[in-house]
Amino acid sequence: QNSTQSMIFKHEVEPLISHAMNGKKCTVFCYGPTGSGKTFTAFGREEDVGIMPRCIRLTLDTKSNKIQDIQSQCQSNANPSKSKLNYQCKIFMSSMEIYNEKAYDLLSKGTMNYKEGLPV
């Protein structure tokens, strides 16, 4: 009841990012009755962003830091001709809503009829 967006992210979601960046699949599930704050927890508001914007920011920052670390290692290598930047990172994210027994992909509204939902 008295948790902040920052506290929820730090304690419940942030630890999953390192697992995701090591190739694990992770899911965060917001569940509850209408009006309980699921959308607010997931997206927040401009001055107090929720889980999704924080995940995106931390994931991109982590990827950028990893690339910088690898580049630094390559530059400091004794034989730079043998150094190669060999790092790949593909990021896939989705935000699903289940409402009235229909699933909706909130990040790709333009690819489907939103009123019909996704096939389940």
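For reference, positions follow the sequence shown, starting with 1. It should be emphasised that the depicted structure is a prediction, and the values quoted were computed from it without experimental measurement. No hydrogens, no waters, no symmetry mates; every other heavy atom, side chains included, goes into these values.
Ion pairing between a basic and an acidic side chain is recognised when a charged N comes within 4.0 Å of a carboxylate O; Arg54 and Asp48 show such pairing.
Between Ser36 and Pro33, the shortest heavy-atom distance links the atoms OG-O, 2.8 Å. The heavy-atom pair separating Ser95 from Phe43 by the smallest distance is OG-CZ, 3.4 Å. Listed here is the closest heavy atom pair of Met96 and Ala103: CE-CB, 4.4 Å. Ser94 and Met52 get closest at one heavy-atom pair: O-CE, 4.2 Å. Residues Lys38 and Cys30 approach most closely at CD-O, 3.8 Å, considering heavy atoms. The heavy-atom pair separating Cys26 from His19 by the smallest distance is SG-CB, 4.1 Å.
Of the candidates Thr59, Leu58, Leu16, Thr59 is the only one forming a side chain to side chain contact (heavy atoms under 4.5 Å, CB included) with Met21.
The structure places CG of Asn22 at 10.5 Å from OG1 of Thr62, a figure rounded to the nearest 0.5 Å. Rounding to the nearest 0.5 angstrom, the gap separating the NZ atom in Lys10 from the OG atom in Ser3 is 14.0 Å. For the atom pair Asp61 CG and Ile56 CD1, the distance stands at 12.0 Å (nearest 0.5 Å).
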For a side-chain contact (heavy atoms from CB on, under 4.5 Å) check, start with the C-alpha distance between Glu97 and Asp105, then their side-chain angles and the critical distance, and finish with the verdict. CA-CA 6 Å; Glu97 173 184 47; Asp105 185 343; over 6 Å; no

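The environment of CD in Glu47 is crowded: more than 12 heavy-atom neighbours from other residues, nucleotides or ligands sit within 6.0 Å.
Panel note: side chain Gln5, backbone Phe40; a donor-acceptor pair is recorded below 3.5 Å.
Taking hydrophobic clusters as Ile, Leu, Val, Met, Phe, Trp and Tyr residues chained together by side-chain heavy-atom distances below 4.5 Å, Ile8 shares a cluster with Val28. Tyr31 and Ile98 are assigned to two separate hydrophobic clusters, defined by single-linkage of ILVMFWY side chains at heavy-atom distances under 4.5 Å.
Using a 4.5 Å cut-off on side-chain heavy atoms (C-beta onward), Ile51 and Glu12 make no contact.
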